[in-house]
Amino acid sequence: MIPAHISNAAVQGDKDAVAAWLDEHPQSVDDVDAQGASLLLLCVYNNNIVQDTHPELVRYLLSRGADPNHMCYINDDEVEGWMHPLFSICMATSSHAPQVVACLLNAGADPNLRLADRLDQNGEPSNTYESNSTPLLESLRTFLGNLNRSGQLSVVVRLLKAGASLDTPGLSAEEVIAEEERRWAALVENNVHFRAAKALIRGVRAAGSWKKYCRARCPHREILALRGLAMRGYIAPYQRRRTRGAEYKIAIAFVARLGDNGIVWNILSFWRDPDDVEAITLGNGDVVRGYN
């Protein structure tokens with residue numbers, strides 16, 4: 001069991017104290033404290049006090065082998081039920097939430113891990129308010145009540161990119177969004193980040209997956225298809241009435257073919273990852289950055 005002073009150190013983001021204890025107890029990186037929380041969960045569970053030092057401690061714990069999917073049964077004066085780090089940070093109001101979410105996902109956190117996937121102390125499915133939710137649905141559920149809405153949009157984008165599903169049994173992302181719109185009607189109209197999240201969800205649903213959504217918006221395939229047509233002679237430079245000689249024609253032909261493969265991929269490398277999206281366009285033409 002994690003001693004109380006180390007539990008408090010994790011809550012406060014004191015990496016030195018936690019590291020010193022783990023050096024003496026390296027096998028205890030996933031141990032829990034008296035309330036049932038692991039070190040990793042303690043870093044993000046008290047989301048109102050997640051500060052600059054907490055992301056560094058999260059990265060350190062993951063480097064020491066902490067399990068990002070460790071489900072903890074919390075039993076304290078305020079909460080009783082299951083919780084895991086990604087779900088907890090997705091409810092956070094801290095500006096550091098996107099950074100922590102990225103760390104957890106990069107370490108293998110499951111974006112679809114539900115609290116209901118574990119049983120309670122009586123061997124029954126968890127029946128807490130969040131039990132049938134996922135990190136994505138919970139991030140949408142707490143979106144409008146979060147003053148750090150640009151950060152919350154970043155969380156949604158990262159979860160979708162990591163493979164988060166839009167559905168759980170009996171609950172969809174669209175239903176959560178509609179409920180949020182009813183609860184916070186006065187906040188919806190001028191909240192471009194929430195509208196961007198809604199547009200993103202709609203786009204991914206229509207495309208069928210995150211990758212299909214991103215690739216439908218990206219010109220990589222079109223560029224390569226155009227080059228293929230040019231290389232097979234189906235596309236030729238437009239013959240102007242006044243040319244500048246053979247060199248001009250050669251240069252135009254080179255551009256039409258986009259040169260050799262090295263140049264093609266060099267050009268494409270300056271554009272975003274075809275499986276990612278940096279900006280979301282709203283119906284009125286406004287463009288909102290997906291990552292803050």
request  = Would you sort out whether Asp23 and Arg64 count as a salt bridge (charged side-chain N to carboxylate O under 4.0 Å, His left out), showing the intermediate values?
outcome  = CA-CA 10 Å; Asp23 285 342; Arg64 293 293 298 261; 3.1 Å; yes
key: Met83 versus Leu115, closest heavy-atom pair with distance   = CA-CD2, 3.8 Å
Whether Tyr213 and Trp210 hold their rings parallel, tilted or perpendicular, with breakpoints at 30° and 60° = tilted
request  = Give, for atom CG of Leu61 and atom NE2 of His54, the distance between the pair rounded to the nearest 0.5 Å.
outcome  = 10.5 Å
query = Would a 4.5 Å heavy-atom cut-off, applied to side chains only, mark Thr93 and Asn148 as touching?
reply = no
inquiry  = Hydrophobic cluster membership, with links at side-chain heavy-atom distances under 4.5 Å among I/L/V/M/F/W/Y: are Leu104 and Val32 in one?
reply    = no
remark   = When rounded to the nearest 0.5 Å, the distance separating OG1 of Thr53 from OH of Tyr60 is 14.5 Å
note = Nearest heavy-atom contact between Leu57 and Gly13 is CD2-CA, 3.9 Å
inquiry  = One pair to check against side chain to side chain contact (heavy atoms under 4.5 Å, CB included): Leu40 and Val29. What are the steps and the verdict?
reply    = CA-CA 9 Å; Leu40 194 55; Val29 68; over 6 Å; no
task = Taking only Lys NZ, Arg NE, NH1 and NH2, and the carboxylate oxygens of Asp or Glu, determine whether Asp276 and Lys211 approach each other closer than 4.0 Å.
result = no
ask   = Does Ile177 share a hydrophobic cluster with Trp184, counting links as ILVMFWY side-chain heavy atoms below 4.5 Å and allowing steps through other members?
value = yes
ask   = Should Arg149 and Leu187 count as side-chain neighbours, where that means a heavy-atom distance under 4.5 Å?
value = yes
inquiry  = Tell me whether Arg289 is salt-bridged to Glu278, with the criterion being a basic N under 4.0 Å from an acidic carboxylate O.
reply    = no
message = Side-chain heavy atoms nearer than 4.5 Å, only ILVMFWY residues, links allowed to pass through others: does that put Val192 and Val287 together?
response = no
ask   = Within the distance-only criterion (no hydrogens, no angle test), does the side chain of Ser172 pair as donor or acceptor with the backbone N or O of Thr168 below 3.5 angstrom?
value = no
message = With rounding to the nearest 0.5 angstrom, report the OG to CG distance, Ser165 to Leu137.
response = 8.0 Å
Under 3.5 Å: donor-acceptor pair, side chain of Glu24, backbone of Trp21 = no
key: Rounded distance (nearest 0.5 Å) linking atom OG of Ser7 with atom CG of Asp31   = 12.0 Å
Worked verdict on Glu56 versus Arg59 for salt bridge (charged side-chain N to carboxylate O under 4.0 Å, His left out) = CA-CA 5 Å; Glu56 182 181 358; Arg59 284 192 292 268; 5.8 Å; no
key: Heavy-atom closest contact (Ser95 atom, Pro98 atom, distance)   = O-CD, 3.4 Å
inquiry  = Just so I know, are the side chains of Phe143 and Val156 near enough to count as touching, which here means a heavy-atom distance under 4.5 Å?
reply    = yes
ask   = Given Val155 and Leu136, is the side chain to side chain contact (heavy atoms under 4.5 Å, CB included) satisfied, shown in steps?
value = CA-CA 8 Å; Val155 168; Leu136 172 64; over 6 Å; no
query = Between Gln35 and Asn75, is a side chain to side chain contact (heavy atoms under 4.5 Å, CB included) present by the stated rule, with each step listed?
reply = CA-CA 5 Å; Gln35 282 71 48; Asn75 188 3; over 6 Å; no
query = Between His96 and Asp52, does any side-chain donor sit less than 3.5 Å from a side-chain acceptor?
reply = yes
key: Distance-only polar pair, side chains of Gln152 and Thr142, donor-acceptor under 3.5 Å   = yes
task = Measure across Cys72 and Ser38 and return the closest heavy-atom pair with its distance rounded to 0.1 Å.
result = SG-N, 3.5 Å
task = Identify the heavy atoms of Asp30 and Asp67 that sit nearest to each other, and give their distance.
result = OD1-N, 3.0 Å
Smallest separation among heavy atoms of Pro68 and Ala107, with atom names = CG-O, 3.6 Å
key: Min side-chain heavy-atom separation Glu138-Pro135 under 4.5 Å   = no
Pairwise side-chain contact, His193 with Val288, heavy-atom cut-off 4.5 Å (strictly under) = yes
key: Heavy-atom side-chain contact between Ile74 and Tyr45 under 4.5 Å   = yes
key: Rounded distance (nearest 0.5 Å) linking atom CZ of Arg114 with atom CG of Leu171   = 10.0 Å
query = Honestly curious: do Leu153 and Leu282 fall in one hydrophobic cluster under the side-chain, below-4.5 Å linking rule?
reply = yes
ask   = Under a 4.5 Å cut-off applied to non-hydrogen side-chain atoms, are Val44 and Val58 in contact?
value = yes
query = When you check the gap from the basic side-chain N to the acidic O, do Glu179 and Arg182 get nearer than 4.0 Å?
reply = yes
Any side-chain donor near an acceptor of the partner, Asn284 and Asp286, under 3.5 Å = yes
query = Is Cys90 close to Val101 at the side-chain level, that is, under 4.5 Å between some pair of heavy atoms?
reply = yes
remark   = Value for CZ (Arg158) from OH (Tyr291), rounded to nearest 0.5 Å, stands at 6.0 Å
key: Ile2/Ser28 under side chain to side chain contact (heavy atoms under 4.5 Å, CB included): CA gap, chis, key distance, verdict   = CA-CA 8 Å; Ile2 302 170; Ser28 300; over 6 Å; no
inquiry  = Using salt bridge (charged side-chain N to carboxylate O under 4.0 Å, His left out), reason through Glu174 and Arg202 one step at a time and then give a plain yes or no.
reply    = CA-CA 8 Å; Glu174 290 87 349; Arg202 186 189 303 116; over 6 Å; no
